[in-house]
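Report on one structure; see the data block that follows.
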Amino acid sequence: MRQSQMFIPTLRETPTEAESLSHRLMLKSGMIKQLARGIYAYLPITQLVLNNIQDIVREEMMNIGGAEVHLPVLHPRELWEESGRWQAYGKELMRVSDRHDREFALGPTHEEVITALVRDELKSYKKLPLTLFQIQTKFRDELRPRFGLLRGREFIMKDAYSFHVDEESLDKTYNDMYDAYSRIFTRLDLNFRAVEADGGSIGGSHTHEFMALADIGEDTIVYTDDSSYAANIEKAECAIPVEKSIADMLETEKIATPDIATVKDLAEFLEKDLTLTTKTMVVKTDDGLKMIVIRGDQELNDVKVKAYFNSEILDMATDDEITAELNASPGSLGPVNSPIPVYIDYQVEAMRNYPVGANETGYHILNVNNGRDFEAAGRGDFRFINEGEMVADGSGAAKFMRGIEVGQVFKLGTKYSESMNLNVLDQNGRAKPVLMGCYGIGISRVLSAIVESHHDDKGIYWPKSVTPFDIHLITANTKDETITNTASELYDILSKNNRVLYDDRNERAGVKFADSELIGLPVRIVVGRGAKDGVVEVKGRLDEESQEVQIAELTSYLADNDYA
Ligand code: ATP
Ligand code: MG
């Protein structure tokens with residue numbers, strides 16, 4: 001392809017709106033252009049790379065028996081009502097209506113559509129298992145679209161769905177997917193980990209997220225050095241304390257604590273370490289308000305709390321709701337005489353004689369103990385794990401790193417088949433809800449993740465598996481006929497076996513070189529003054545120096561150095 005015919009609007013200045021390295025590099029190298037917040041045009045270089053990523057994903061999906069479909073973007077409201085997600089998906093679901101005021105969702109994911117599709121066709125277990133996938137644009141009205149293609153409101157996803165008559169079959173496809181994802185991300189040259197994750201709103205009990213390691217990553221991955229343990233911080237279980245305090249229970253004492261609003265204030269006032277205090281929070285679940293008590297120095301993990309109560313919604317109760325129910329300010333809450341059920345973290349269960357709010361504004365109670373002063377309705381793991389703490393399986397101290405979620409595999413079970421009546425007749429002629437799995441890869445996010453990990457101070461360098469072109473052929477001077485003729489000949493020859501980007505533009509050599517480094521093709525061939533002596537300059541994108549190579553030996557030189 002001649003660069004004069006491409007559309008690569010590179011920038012000299014560093015774009016100020018860029019929020020991450022990949023975002024900046026992709027703007028600078030003329031790959032994307034923002035149309036609205038979280039909505040981007042993909043320019044030619046991007047499109048070429050996306051095509052390559054999609055080819056790899058397609059190949060691996062078909063390898064494990066996936067059949068490709070292309071489902072509609074417009075989803076009738078009724079389908080989303082059936083699954084209950086028209087409400088539950090909330091504001092992230094983009095909605096439109098047609099001329100007859102019929103409402104539609106712009107698909108953020110396709111469980112409803114695919115379930116409706118197959119339930120009309122699948123009647124017998126004999127047609128199972130079945131795996132369908134598509135590569136398509138998704139819409140999510142993200143609260144905080146950012147980092148370019150990493151979190152867009154319109155983005156490309158590969159989503160796959162599988163259907164099974166029994167767990168064994170679901171397990172097999174889940175494992176096949178897991179392996180296919182590992183191959184895909186390896187081929188894409190991403191440094192990734194598969195981690196245990198939380199099911200989130202989509203449901204399902206068993207799930208792994210594939211995380212590309214990067215400092216910009218919005219997820220924290222918890223891992224240990226000595227084992228294969230890795231989990232998303234939302235999910236990473238805390239070890240249950242083995243030693244419980246055996247201190248004697250002291251007399252409770254109600255004290256005035258005016259002006260104390262936070263647990264830090266309380267610890268200072270009592271001259272106690274934060275670890276000897278507690279904090280009480282009230283959350284709203286499907287089943288009403290619940291009170292949760294954790295140790296004063298810890299942070300509440302809402303994902304764990306939500307999973308514990310198996311609740312579709314989880315919100316912090318508002319100050320008004322708290323006052324209405326407990327008649328006390330949020331800084332004075334506690335489990336003693338609570339009108340709402342109390343749940344304590346395992347750490348609190350192991351404590352003795354701790355201070356709590358008195359459910360009376362401006363008062364606390366000292367030396368409180370579960371079992372004597374209140375009765376917890378339940379105990380659980382409600383907090384975030386800390387770096388350095390022993391992980392739940394006892395395999396070592398937790399370490400943290402940042403990751404970008406590039407893919408996720410889920411076992412959905414019968415969540416959608418039950419709500420949407422997808423049944424088949426099993427071997428004994430009995431109707432059975434179909435078991436499902438769903439499997440996503442953020443294609444456009446993957447592109448950003450690759451850039452995030454493949455760059456230096458001059459620009460991007462593409463892994464060979466996805467590079468938009470193999471060779472960047474550049475004329476140093478378009479006024480010199482020997483140069484342009486030689487370059488044209490080389491372009492024809494090299495194009496037979498390679499994808500060549502030929503910079504034939506009438507630009508200064510310096511501009512072309514800078515663009516070339518920004519765009520980051522694996523190898524650059526410069527046709528310059530040496531052309532008259534049959535010599536060109538060859539430089540791998542990451543090489544320090546270029547090499548003079550005889551044109552007659554060019555193809556073998558490229559092959560020997562694994563450039564072509
Ligand atoms: P996140 O937690 O990052 O919001 P998610 O868990 O909601 O993502 P899934 O529903 O699992 O996302 O979607 C499958 C894949 O689609 C994700 O693994 C991710 O790679 C990609 N993806 C999700 N949301 C976005 C987005 N807003 N922009 C780009 N890619 C996205
Ligand atoms: Mg996910």
Side-chain angles (χ1 to χ4, degrees), residues 19-20 22-23 26 32 34 36-40 42 46 50 53-54 57 61 83 85 88-94 105-114 133-161 177-178 180-181 184-185 188 190 192-204 206-214 216-221 231-235 302-303 306 402-412 415-416 437-452:
E19 301 151 322
S20 70
S22 57
H23 190 193
M26 289 168 74
I32 52 172
Q34 181 173 312
R37 250 166 67 84
I39 301 176
Y40 288 86
Y42 305 151
T46 299
L50 286 174
I53 296 172
Q54 291 173 21
V57 170
M61 286 298 104
S83 69
R85 286 207 295 183
Y89 216 93
K91 290 197 165 162
E92 222 164 281
L93 191 65
M94 296 235 189
L106 291 180
T109 176
H110 277 70
E111 285 79 12
E112 283 79 1
V113 170
I114 199 112
F133 77 98
Q134 64 171 343
I135 295 178
Q136 212 212 33
T137 301
K138 298 279 195 268
F139 298 84
R140 293 184 184 180
D141 199 358
E142 298 272 357
L143 186 60
R144 273 192 298 273
R146 53 186 169 161
F147 306 140
L149 304 195
L150 281 177
R151 186 170 294 285
R153 294 198 293 164
E154 175 176 336
F155 59 96
I156 303 178
M157 196 200 289
K158 183 286 299 178
D159 45 332
Y161 305 87
M177 277 286 172
Y178 185 103
Y181 275 35
I184 288 168
F185 296 125
L188 296 174
L190 287 171
F192 70 95
R193 292 280 163 95
V195 305
E196 283 177 31
D198 175 78
S201 78
I202 215 164
H206 197 124
T207 170
H208 286 88
E209 286 169 350
F210 286 78
M211 296 284 186
L213 307 188
I216 189 74
E218 295 178 277
D219 290 274
T220 300
I221 302 163
N232 193 309
I233 188 145
E234 294 178 335
K235 170 84 189 267
D302 52 343
V303 172
K306 193 171 170 195
R402 308 289 288 174
I404 298 168
E405 185 197 315
V406 283
Q408 182 156 23
V409 290
F410 273 96
K411 283 184 196 169
L412 289 170
K415 181 177 161 88
Y416 293 93
C438 76
Y439 319 89
I441 292 181
I443 301 284
S444 45
R445 180 180 284 184
V446 159
L447 169 58
S448 283
I450 293 173
V451 175
E452 206 62 55

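For ligands, and for the atoms within them, numbers begin at 1 and follow the listed sequence.
Of all the heavy atoms of M157, the ones lying under 4.0 Å from any atom of ligand 1 belong exclusively to the side chain. Under 4.0 Å from ligand 1, the heavy atoms of R445 that appear belong solely to its side chain. At a heavy-atom cutoff of 4.0 Å, ligand 1 is contacted by the backbone of L149 but not by its side chain.
Panel note: side chain S444, backbone I156; a donor-acceptor pair is recorded below 3.5 Å. Side chain of E154 to backbone of I39: no donor-acceptor contact under 3.5 angstrom is found. In terms of modelled atom types and a separation under 3.5 Å, the side chain of Y40 and the main chain of F155 share no donor-acceptor contact. No donor-acceptor distance shorter than 3.5 angstrom exists from the side chain of R140 to the backbone of E92, with no hydrogens or angles considered. Although no hydrogens or angles enter the test, the distance criterion places a donor-acceptor pair under 3.5 Å between the side chain of T207 and the main chain of V409. Checked by atom type and distance alone, the side chain of R445 pairs as donor or acceptor with a backbone atom of E405 at under 3.5 Å.
Among Q408, E405, R153, R151, the residue whose heavy atom lies closest to atom 3 (O) of ligand 1 is R151. Across the listed options M211, K138, R140, E111, R140 owns the non-hydrogen atom lying nearest to atom 5 (P) of ligand 1. Compare F410, F210, F155, Y439 by their heavy atoms: the one nearest to atom 22 (N) of ligand 1 is in F155.
In terms of polar-atom proximity, V406 is counted as a contact of ligand 1, with an N or O under 3.5 Å from an N or O of the ligand. Residue I441 has no N or O atom closer than 3.5 Å to an N or O atom of ligand 1.
Expressed to the nearest 0.5 Å, how far CD1 of I221 lies from CZ of R402 amounts to 9.0 Å. To the nearest 0.5 angstrom, R37 atom CZ is 10.0 Å from R146 atom CZ.
Residue contacts with ligand 1 do not include S444, since none of its heavy atoms lies under 4.0 Å from the ligand. At least one heavy atom of L150 sits closer than 4.0 Å to an atom of ligand 1. Within the 4.0 Å heavy-atom cutoff, T109 does not count among the residues contacting ligand 1.
For the Mg ion (ligand 2), protein N, O or S atoms closer than 2.8 Å were enumerated as E405 OE2, Q408 OE1, with waters left out.
Within the listing of ligand 1, atoms 18 (O) sit less than 4.0 angstrom from a heavy atom of G407. The E142 neighbourhood of ligand 1 comprises atoms 24 (N), 26 (C), 27 (N), with distances under 4.0 Å to a heavy atom of that residue.
For Y439, the ring pair (Phe, Tyr, Trp, His ring centres under 6.0 Å) criterion is met by no residue, not counting sequence neighbours.
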Exercise. Between E19 and L150, does a side-chain contact (heavy atoms from CB on, under 4.5 Å) hold up when you go through it step by step?
Worked result: CA-CA 10 Å; E19 301 151 322; L150 281 177; over 6 Å; no
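Below 30°, between 30° and 60°, or above 60°: for H208 and H206 the angle between ring planes is between 30° and 60°, a tilted geometry.
Taking both residues in full, the closest heavy atoms of G152 and E142 are given as O-CG, 3.4 Å, listed atom of the first, atom of the second, then distance.
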